[in-house]
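This is the structure, below, for whatever I ask next.
Starting from 1, each residue takes its place in the sequence as its number. Both ligands and their constituent atoms are indexed starting at 1 by order of listing.
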Amino acid sequence: MASIKEIEWDVFEGLSLADKKPYLERGGGDAMPYHTLFAQQFDRSLLERLTALANRIRFINKSREGALYLKGVLAHKRAMLYFSQPSSRTFLSHLAACQILGITTGSVRDAATSSEFKGESREDSIRTFSSYFDMIIMRSPEQGLAEKMAWELSNSSRPIPILNAGSGKDQHPTQALLDIYTLVRSFENKGGLDGRTVTFCGDLLRGRTVRSLSYLLTNFRDVKQIFVAPKALRVPDDVVDVLREKAVDFEITEDLQAAVRVSDAVYMTRIQDEWDSSKGESAKIDTSRFKFGAQELELLNPDGVIMHPLPRRDEIATCCDRDPRAMYWRQMRNGMWIRAALIAATFGYENEIMNCGY
Ligand code: NCD
């Protein structure tokens with residue numbers, strides 16, 4: 001078994017994501033991640049196990065007895081939510097996931113309220129959290145920080161797992177898990193996710209959810225991916241390179257309506273203008289043709305779904321909200337179940353929950 005303890009940071013950092021994966025596993029041969037840092041850690045078999053576990057947790061939680069059982073599973077653990085970038089859903093759904101499993105939580109949501117403000121390095125802050133908690137769930141504007149912290153902690157005297165809840169413009173693996181969970185559930189009784197067409201629309205250049213989900217979709221058979229964005233916000237080359245390497249069918253276009261006509265799922269995203277290098281840069285881009293409204297709803301197939309990681313601005317008109325194909329509300333709640341599944345599996349409780357009497 002590869003151990004992250006046996007490798008220097010600069011060697012680890014230089015590995016491909018596929019080569020990093022075995023260093024991040026829990027051990028014991030079950031292939032579940034110990035640190036969850038990027039979408040490339042999940043293959044189809046892990047995705048199927050996590051969706052089954054999320055379904056199981058969701059079911060058990062329906063009864064009072066079941067909910068109380070779940071609350072006992074990780075009542076001996078504490079988790080730190082360390083969010084130095086704005087968040088509503090990702091923060092709250094991780095918090096709720098911890099509560100379902102009985103985990104006690106602490107949080108820092110603003111670096112100004114932590115000692116980082118006094119000049120403490122992030123490494124020292126993380127070491128501090130690891131003194132009091134058994135897991136760190138972290139979001140940061142800095143690409144690669146979660147990886148660096150996972151390496152640091154694994155090489156410290158108190159190794160604890162890190163869950164990446166969004167890193168820079170780069171990765172958002174737990175969002176991609178909830179997106180896959182939503183897609184799998186949406187097509188569960190309609191022939192499954194294999195062979196479907198998924199359209200991504202919006203700011204595909206800077207949206208980290210798109211990179212992570214695009215990768216996870218490559219685990220399914222014959223899923224075509226269509227990328228719809230203005231030229232300035234086109235899907236980046238590294239995402240396209242992965243699709244080419246895996247011989248995945250994909251298309252890049254600016255015609256949303258044509259894409260909607262042939263899609264089973266449309267994944268809308270907002271313009272990520274917090275990354276603008278000068279104020280107002282994104283506002284100069286004409287995004288008017290990259291919005292989903294009443295006309296697009298007409299074109300979408302009756303079994304299709306509309307998704308969005310949220311928050312939305314005006315890229316999905318509110319007139320779509322009550323359509324049964326608008327999946328973004330359920331998608332949001334799915335985040336709580338799949339994150340509970342991931343956290344339980346990270347601590348090694350997958351089999352116990354799957355086989356419990358509830
Ligand atoms: C996304 C994020 O933060 O990357 N939101 C989320 O986690 N639900 C997308 C976004 O902010 O647009």
Point-to-point distance, once rounded to the nearest 0.5 Å, from CE of M135 to CD1 of I103: 6.5 Å

cation_pi(R196, F220) dist<6.0 Å, angle<=45: no

Minimum-distance protein heavy atom relative to atom 4 (O) of ligand 1: R208 NE, 2.8 Å

Min N/O separation R89 to ligand 1 under 3.5 Å: no

Top protein contact for atom 5 (N) of ligand 1, by heavy-atom distance: L310 O, 2.9 Å

Side-chain heavy atoms of N164 within contact of I137, under 4.5 Å: no

R139 touching ligand 1 at heavy-atom level, < 4.0 angstrom: yes

Residue portion contacting ligand 1 (non-hydrogen atoms closer than 4.0 Å) for R313: neither

Top protein contact for atom 11 (O) of ligand 1, by heavy-atom distance: R270 NH2, 2.9 Å

Shortest non-hydrogen contact from R221 toward R44: N-NH1, 3.8 Å

CZ-CG distance between R289 and L256, expressed to the nearest 0.5 angstrom: 10.0 Å

G166 near ligand 1 by a heavy-atom separation under 4.0 Å: no

For R211, the option from H172, Q171, R206 that meets side-chain contact (heavy atoms from CB on, under 4.5 Å): Q171

Interfacing atoms of ligand 1 (cut-off 4.0 Å, heavy-atom, P311): 10 (C), 11 (O)

Numbered atoms and elements of ligand 1 in range of Q175, under 4.0 angstrom, heavy atoms: 6 (C), 7 (O), 8 (N)

Atom 7 (O) of ligand 1 - nearest protein heavy atom and its distance: H172 NE2, 2.7 Å

Residue T90 vicinity, atoms of ligand 1 by number, heavy atom under 4.0 Å: 6 (C), 7 (O), 8 (N)

Hydrophobic cluster membership, W329 vs F91, 4.5 Å side-chain cutoff: no

Step-by-step salt bridge (charged side-chain N to carboxylate O under 4.0 Å, His left out) determination, K291 to E296: CA-CA 9 Å; K291 298 185 199 295; E296 289 70 27; over 6 Å; no

